[in-house]
Protein chains: 2
Amino acid sequence: MENEASYKNRKVISIGTVSELTGLTERQIRYYEERKLISPERSDRGNRKYSFMDVERLIEIANKREEGVRTDEILQELKKKKKKEDTATRNKMIQGQLNARFNQSNRYPKK
Amino acid sequence: MENEASYKNRKVISIGTVSELTGLTERQIRYYEERKLISPERSDRGNRKYSFMDVERLIEIANKREEGVRTDEILQELKKKKKKEDTATRNKMIQGQLNARFNQSNRYPKK
DNA sequence: CGTGTAAGGAATTCTGACACG
DNA sequence: CGTGTAAGGAATTCTGACACG
């Protein structure tokens, strides 16, 4: 359960492959980075490395662009989505703490 | 359930990155291919592309090699493992067919 | 604003081969 | 057998810039 996600987020794909996967030109991919829509990592010598997540996000971006949505609008949408996810994550953590507390108070059950 | 596995098996990582990920030299990685221990795909211009699966297999191979296991022995072990997996897959498919038959004979339940 | 392109350089990858053992 | 290395070439990636609109 921890491992599958790491495949998705590991930044290991170079820009040429991302271009093939998304149908976007390298120019476009670099431009979307400039506009903060994606954040690849860099290899030792400075080559961009992308994750499968990035690839999926780029496909979403490509769809929006085809609909004529501007990059700054797409950025806002992505931020909103991220906010929701963060909230969901926070709620899960709080729930986790509650569960921990509950388990603690039941640490020595009467059986 | 179908999607997570595809990340693991998608051949998208170039040899330089695989080298970083596994600690093996490119020479070693190419040699193991020559010995049929791995089967990368090729991009349009002939560059090798590996999956996360390949990376994990290479790490296994590296461990075996450190123990002094020869590549042909490693190949045999990998074949055995594959045979087991194939058997498991076949059994699952048979089970699937049985279930299908069962559902068919119950297609019009009396309710 | 979003994308194309030519420019020059540096790093990547490929193959076949010789080397050692 | 398994791995290193030098060799030469072709493809990749990078950045900064000019172009169009």
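In what follows, every chain begins at residue 1, and chains take the letters A, B, ... in the order their sequences are listed.
Side-chain N/O atoms of A:S14 include none lying less than 4.0 angstrom from OP1 or OP2 on D:dT12. Regarding contacts with the backbone of C:dT5, every side-chain N or O of A:R27 stays at 4.0 angstrom or more from both OP1 and OP2. At D:dG2, none of the side-chain N or O atoms of B:Y32 fall inside 4.0 Å of OP1 or OP2 (strictly under the cut-off). Close to C:dC14, at under 4.0 Å from its OP1 or OP2, lies a side-chain N or O of B:R48.
Of the candidates D:dT3, C:dG2, C:dC14, C:dG2 carries the atom nearest the A:T71 side chain, counting heavy atoms from C-beta on. For A:Y31, whose side chain is taken as the heavy atoms from C-beta onward, the closest listed nucleotide among D:dG4, D:dT13, C:dG2 is C:dG2. Side-chain proximity of B:R30 to D:dG2, D:dT15, C:dC14: nearest is C:dC14. Taking the side chain of A:N47 as heavy atoms from C-beta on, and the options C:dT12, C:dT13, C:dG2, the nearest nucleotide is C:dT12. With C:dG4, C:dC14, D:dC14 as the candidates, the nucleotide lying closest to the side chain of A:Q28 is C:dG4.
Side-chain contact of B:Y31 with B:R35: a donor-acceptor pair under 3.5 Å is present, judged by distance alone.
D:dG2 is paired with C:dC20 under the Watson-Crick or G-U wobble criterion, all donor-acceptor distances under 3.5 Å. A 3.5 Å limit on both hydrogen-bonding distances identifies D:dT15 as the Watson-Crick or G-U partner of C:dA7.
One atom, CD of A:E34, and another, C1' of D:dA17, lie 12 Å apart when rounded to the nearest Å. Distance, B:I15 CD1 to D:dA10 P: 20 Å, rounded to whole Å. The CD1-P distance, from A:I38 to C:dG2, rounds to 14 Å in whole Å. One atom, CD1 of B:I29, and another, C1' of D:dG2, lie 14 Å apart when rounded to the nearest Å. The separation between A:R42 atom CZ and C:dA11 atom P is 14 Å, rounded to whole Å. Between the P atom of D:dT3 and the CZ atom of B:R70 lies a distance of 13 Å, rounded to the nearest Å.
Checking A:R65 against A:S43, the closest nucleotide of DNA chain C that is more toward the 5' end is the one next to A:R65. Position along DNA chain D of the nearest nucleotide to A:E26 versus B:R35 favours B:R35 as the more 5'-ward residue.
Within the 4.5 Å cutoff, the side chain of A:S51 has no heavy atoms near those of the A:R10 side chain.
Salt-bridge annotation for B:K8 and B:E56: present, with a side-chain N of the basic residue lying under 4.0 Å from a carboxylate O of the acidic one. The existence of a salt bridge linking A:R90 and A:D86 is excluded, since no basic side-chain nitrogen approaches an acidic carboxylate oxygen closer than 4.0 Å.
Among the heavy atoms of the strands lying under 4.0 Å from B:R45 are primed sugar atoms or P, OP1, OP2 only; no base atom is included.
Of the possible polar contacts, none joining the A:R30 side chain to the A:I15 backbone as a donor-acceptor pair under 3.5 Å is found.
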